[in-house]
Amino acid sequence: MKTSPITLLSQREREMESPSSTTAPSKTEAIDATLHAIGFNLEELSPEKVSGRLQVTHKSCQVLHGGVSALIAESLASIGAHMASGFKRVAGINLTINHLKSAVLGDLVLAEATPLKVGRTIQVWEVRLEKIDPQNPKGRTLISSSRVTLQTNIPVPEHARDTIEHLKKYAKL
């Protein structure tokens, strides 16, 4: 029986989704399971900048739509605000996003979140998603720009404290 290329792709994706139980979780998987599930890879983690990349694939979205951009923006801003607040729990209270260009199947997207204001109770972060030009890795096209406002003076519940240890393990503090 022949297997179609679509079946092979689906089989490969299933294998990637359920790694061996003996494999240690990746940085992204340890910190944010949802980002990991769409294929996003965290790179830089610090209270001053959180960044990572996403290859637009069938698994992630085929076309980078607003929901995925919003997920990435709020996730990166929340991770950064969590570190910048001294590892207090954070909650997004406003997200504004402008979608400027598209990213399609095969495109590589760089996401960078940086703080605009870090206060004791409120933080504001800017998140930029840029498509990387495959011919010129330094060439980038802005595809979305977001502003995320977060409340940051919330105690972390006991069941969520393991995330703090994962961030401390991978972050530049």
Side-chain angles (χ1 to χ4, degrees), residues 2-20 23-83 90 92 94-116 123-150 163 166-167 169-172:
K2 283 190 168 182
T3 308
S4 73
I6 294 171
T7 306
L8 289 174
L9 180 61
S10 298
Q11 189 174 14
R12 180 179 291 155
E13 286 177 348
R14 280 195 303 273
E15 290 168 2
M16 289 175 64
E17 287 175 1
S18 48
S20 163
T23 305
S26 70
K27 176 182 1 181
T28 306
E29 185 178 9
I31 293 168
D32 192 309
T34 305
L35 286 178
H36 173 73
I38 64 167
F40 191 88
N41 290 305
L42 287 167
E43 292 178 345
E44 186 173 339
L45 290 167
S46 77
E48 295 82 31
K49 182 179 176 183
V50 179
S51 68
R53 295 172 190 262
L54 173 71
Q55 184 87 41
V56 180
T57 65
H58 290 285
K59 180 181 177 184
S60 63
C61 54
Q62 296 184 42
V63 172
L64 191 70
H65 59 76
V68 174
S69 297
L71 168 72
I72 292 169
E74 186 145 358
S75 296
L76 297 189
S78 295
I79 291 167
H82 181 58
M83 288 185 287
V90 299
N94 190 45
L95 169 64
T96 304
I97 187 165
N98 293 298
H99 305 286
L100 307 169
K101 297 272 185 184
S102 65
V104 296
L105 195 61
D107 285 341
L108 181 60
V109 176
L110 172 67
E112 294 182 342
T114 53
L116 299 174
Q123 291 187 31
V124 180
W125 284 68
E126 177 182 42
V127 184
R128 296 171 56 91
L129 273 65
E130 299 173 321
K131 182 169 42 175
I132 298 175
D133 180 349
Q135 309 305 323
N136 174 13
K138 292 187 181 197
R140 298 178 182 173
T141 302
L142 183 64
I143 57 174
S144 76
S145 177
S146 307
R147 201 153 281 190
V148 185
T149 305
L150 304 113
T163 301
H166 291 300
L167 276 171
K169 177 180 177 181
Y170 294 111
K172 295 177 187 171

Problem set entry | Note, V104 side chain near V56 side chain (heavy atom, < 4.5 Å) | no
For this session: Look up atom OG in S75 and atom CG in L42, then write down how far apart they are to the nearest 0.5 Å.
Result: 9.0 Å
Exercise. What are the two closest non-hydrogen atoms of E48 and P115, and how far apart are they?
Worked result: O-CD, 3.2 Å
Exercise. Are any side-chain N or O atoms of Q55 and backbone N or O atoms of G106, one a donor and one an acceptor, separated by less than 3.5 Å?
Worked result: yes
For this session: Taking the side chain as every heavy atom from C-beta outward, state whether V90 and Q123 have any pair of such atoms under 4.5 Å apart.
Result: no
For this session: Working to the nearest 0.5 Å, report the span between CG of L45 and NZ of K172.
Result: 9.0 Å
Problem set entry | Flag side-chain contact, heavy atom, 4.5 Å: D32 against T163 | no
Problem set entry | Residue from T34, V109, I72 passing side-chain contact (heavy atoms from CB on, under 4.5 Å) with F40 | I72
Problem set entry | Residues forming a salt bridge (Lys or Arg N to Asp or Glu O under 4.0 Å) with R147, sequence neighbours excluded | none
Problem set entry | Results of side-chain contact (heavy atoms from CB on, under 4.5 Å) for K49 - residues two or more places apart only | E44, S46, S51, E112, T114
Problem set entry | D107 CG to I143 CD1 distance, which is reported to the nearest 0.5 Å | 7.5 Å
For this session: Please name the pair of heavy atoms, one in W125 and one in A77, separated by the smallest distance, quoted to 0.1 Å.
Result: CB-CB, 3.7 Å
Exercise. Is there side-chain contact between L64 and L129, with heavy atoms separated by less than 4.5 Å?
Worked result: yes
For this session: Hey, could you give me the CD/CG distance between E130 and L100, rounded to the nearest 0.5 Å?
Result: 10.5 Å
For this session: Could I get the full list of side-chain contact (heavy atoms from CB on, under 4.5 Å) partners for L95, not counting sequence neighbours?
Result: A70, A73, E74, S146, V148
Exercise. Under the side-chain contact (heavy atoms from CB on, under 4.5 Å) test, which residues partner N94, sequence neighbours left out?
Worked result: T96, T149
Exercise. Out of curiosity, L35 CG to L71 CG, how far, rounded to the nearest 0.5 Å?
Worked result: 5.5 Å
For this session: Sequence neighbours left out, what passes salt bridge (Lys or Arg N to Asp or Glu O under 4.0 Å) with K27? Give chain and number order.
Result: none
Problem set entry | I97 side chain reached by V127 side chain, heavy atoms, under 4.5 Å | no
Exercise. So which heavy atom on Y170 is nearest to which on A30, and how close?
Worked result: CE1-CB, 4.3 Å
Problem set entry | side-chain contact (heavy atoms from CB on, under 4.5 Å) against D133, all qualifying residues, sequence neighbours excluded | Q135, N136
For this session: Taking all heavy atoms of E126 and all of S145, pick out the closest pair and write down the distance.
Result: OE2-OG, 4.1 Å
For this session: Please round to the nearest 0.5 Å and tell me the distance separating atom NE2 of H166 and atom OG1 of T28.
Result: 12.5 Å
Exercise. Shortest non-hydrogen contact from A81 to L150?
Worked result: CB-CD1, 3.9 Å
